Amino acid sequence: MTASPANNAASPLAPDWLDVPADLNALHAPMWAAGVARTDGGELAIDGVPVSELQRQFGTPLFVMSETDFRARARAFQDAFNEAFADICGGVDVYYAGKSFLCTAVVRWVEEEGLRLDTASGGELAVAARAGIPGAAVALHGNNKSDAEIHRALDMGLGRIVVDSLPELERVAAIAANRGETAKVMLRLTPGVHAHTHEFIATAHEDQKFGLSMAGDSTEQAGLSAAEEAVAAAAGHASIELLGLHCHIGSQIFEPDGFAVAAEKLLDFLAAMRSKYSVELPELDLGGGYGIAYTPVDAPRPPAEIARAMAAVVRAKVAELGITAPRISIEPGRAIVGTSTFTLYEVGTLKTVRVDVAVPAGGAEGLDNVTYPRRYVSVDGGMSDNARPVLYDADYSAVLASRSSTAAPQLSRVVGKHCESGDIVVRDVYLPEDVAAGDLLAVPGTGAYCWVLSSNYNYLARPGVVALRDGAARLIVRGETEADLLNRDMGV
Ligand SMILES: Cc1ncc(COP(=O)(O)O)c(C=O)c1O
């Protein structure tokens, strides 16, 4: 039996969370940057610049970023956390997590908005240095830092090197000692709290590559956890200035409970270390991970709400322990840049497949096979500019951008142009059934972990990034050309 869901009826092929939108042209505000709206003619525009104009100037695929939105979210985190923690530790240092998206323009925005910068490699440090941000405002992460990266951090006078393991602590201490310098160090601990989206779990051990375990004995010294052993070792090195402790419990987290449990555990540990080793540990970094809206069912909390919840826990714990509060820092990436950006694609090939679904047989027992359509909408990018659906099964959404439409909703799957059947950009979305080749689609929420994860698979050129501010569009990263693709081929 073949069936088509009636107009506005949900397709049985759609996931339970996906409703048929009442208006396919509407923009669900939490998913879009400030300044994105439809023109009177129905076309998507950002800061008043229609997407067709962006395509004409810069081509597609294209990352379209609102500088205004980025700056506003950066400021919102800084202001909200400063206010919530003012009475506890005089405010919070917000380190923008550059791994989510980084280029020199963004480093300058971060600095101008009063934030600091979190990096995770020598390459990210090179971008920071080129942008001219003072080293004192930069942190370096990484579970496998090279000696060259540690030297670079010291050359730049970095505000903090976040040490991830005991062997790394010894290497940093030795390199700093050889240079006759002191390295400013935080210790990254695994508090046994792992959070994802709405849930967190607290376990005794963290079975993962990052950080110093707070649980059990370290393999080096019976009776001490790796975290405690690192504090003791750091305290014994004249070339190490031990600033404090760090943790990062996960990503795309909506509920503050996981952050709160991690903060409590780290404060307990910090108090114990202060009294046992007479080390001050004046700083505590609670990492990043604040969630954003990728689909209409994601409900991120405003920064002020998260900040207040975390501050309440830190305030109470510090009072219970009777200690001076450490200076708090956080490292949001996605929550600052994610929503600032959408990806603009041009539609190419369209194809509709029929999928069998077993449904209860009408009146009788058993199941009937009913066939429903699913439309594949191919775009001119794909897994090379957004690897998250393939890597993490991440869900996205999309709208028809070049025009509005009153056509009926059709369950669609937006796919890329790569030689890979898993090359999916948006797994399930209702789009107007008149979407055609040459139309433009916009996928919101692609500011974080998309461009930075982009590849040249199938020798596709990586897209450029255009930033909008006060109605003006400027490229902050140009798209690659064919010449770039052949540049490193030594046979050319
Ligand atoms: C140590 C650390 N800090 C901060 C972040 C930023 O996380 P998010 O972009 O989810 O805020 C990450 C992300 O993986 C991280 O590993």
Side-chain angles (χ1 to χ4, degrees), residues 65 70 73-74 76-78 80-81 92-102 106 110 115-121 124-125 128 138-145 149 153 158-165 168 185-191 193-200 206 208-212 243-256 258-259 262-263 266 283-294 298 300-303 306-307 310 328-341 386-388 391-392 394 445-453:
M65 176 179 284
F70 181 103
R73 286 179 206 272
F77 265 95
Q78 185 67 76
F81 275 78
V92 167
D93 299 317
V94 180
Y95 286 76
Y96 166 68
K99 71 201 71 174
S100 56
F101 177 80
L102 197 65
V106 158
V110 163
L115 278 73
R116 301 177 184 210
L117 180 68
D118 172 31
T119 63
S121 71
E124 290 183 7
L125 281 181
V138 180
L140 175 65
H141 271 284
N143 66 303
N144 188 23
K145 300 176 189 75
E149 286 171 326
L158 241 56
R160 51 170 72 163
I161 299 173
V162 185
V163 162
D164 209 85
S165 65
E168 185 183 288
V185 160
M186 305 274 286
L187 297 175
R188 177 169 178 171
L189 310 188
T190 46
V193 177
H194 195 79
H196 181 68
T197 308
H198 295 289
E199 292 160 18
F200 77 90
E206 278 285 338
Q208 50 129 322
K209 70 173 184 173
F210 290 113
L212 294 146
L243 295 178
L245 309 174
H246 173 284
C247 70
H248 171 77
I249 60 167
S251 251
Q252 186 59 359
I253 300 165
F254 293 120
E255 304 300 329
F259 297 117
L266 263 74
E283 299 190 30
L284 178 61
D285 191 311
L286 297 172
Y290 313 101
I292 65 166
Y294 286 108
D298 294 330
R301 310 253 180 139
I306 306 167
M310 287 169 68
I328 301 291
S329 49
I330 56 166
E331 296 170 340
R334 185 194 315 267
I336 291 176
V337 70
T339 312
S340 73
T341 302
N386 190 352
R388 293 190 67 256
L391 272 180
Y392 310 120
T446 57
Y449 307 108
C450 291
W451 184 84
V452 288
L453 280 168

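Values below: all heavy atoms of this structure, side chains included; hydrogens, waters and symmetry mates excluded. Throughout, residue positions are numbered sequentially from 1 according to the sequence presented. As the structure is a computational prediction, the values presented were derived from the model and not from experiment. As the structure lists them, so they are numbered: ligands from 1, and atoms in each ligand from 1.
Checked against a 6.0 Å centroid threshold, the rings of H141 and H248 do not count as neighbours.
Scanning both residues, V452 and S100, for their nearest heavy atoms gives CG2-O, 3.3 Å.
No donor-acceptor contact under 3.5 angstrom links the side chains of S329 and R116, judged on distance only. Between the side chains of Y96 and R73, no donor-acceptor pair of N or O atoms lies under 3.5 Å.
Remark: among candidates R334, E331, H141, the nearest residue to atom 4 (C) of ligand 1 is E331, based on non-hydrogen atoms.
Per-residue contacts place G288 under 4.0 angstrom from the following atoms of ligand 1 (heavy atoms of the residue considered): 4 (C), 11 (O). When each atom of ligand 1 is checked for a heavy atom of G333 under 4.0 Å away, the hits are 8 (P), 9 (O), 11 (O).
Note on K145 versus E168: salt bridge recorded, some NZ/NE/NH1/NH2 to OD/OE distance being below 4.0 Å.
Residue G289 has at least one nitrogen or oxygen atom sitting less than 3.5 Å from a nitrogen or oxygen atom of ligand 1, judged on distance alone. Annotation: Q252 places no N or O atom under 3.5 Å from an N or O atom of ligand 1; distance criterion only.
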Next on the checklist: Under the criterion side-chain hydrogen bond (donor to acceptor under 3.5 Å, both in side chains), I'd like the reasoning laid out for Q208 against H194: C-alpha separation, chi angles, the key distance, then a yes or no.
Outcome noted: CA-CA 11 Å; Q208 50 129 322; H194 195 79; 5.1 Å; no

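Taking the six-membered ring where the residue is Trp, Y290 and F77 present tilted rings, their angle falling between 30° and 60°.
Distance from atom 16 (O) of ligand 1 to its nearest protein heavy atom, with residue and atom name: K99 NZ, 3.3 Å. Distance from atom 10 (O) of ligand 1 to its nearest protein heavy atom, with residue and atom name: S251 OG, 2.7 Å. Protein heavy atom nearest atom 5 (C) of ligand 1, with residue, atom name and distance: H248 CE1, 3.4 Å.
Residue contacts with ligand 1 include P332, since one of its heavy atoms falls under 4.0 Å from the ligand.
Looking at Y449 against ligand 1, only its side chain comes within 4.0 Å, counting heavy atoms. Under 4.0 Å from ligand 1, the heavy atoms of D118 that appear belong solely to its side chain.
L286 CG to I328 CD1: the interatomic distance, rounded to the nearest 0.5 Å, is 5.0 Å.
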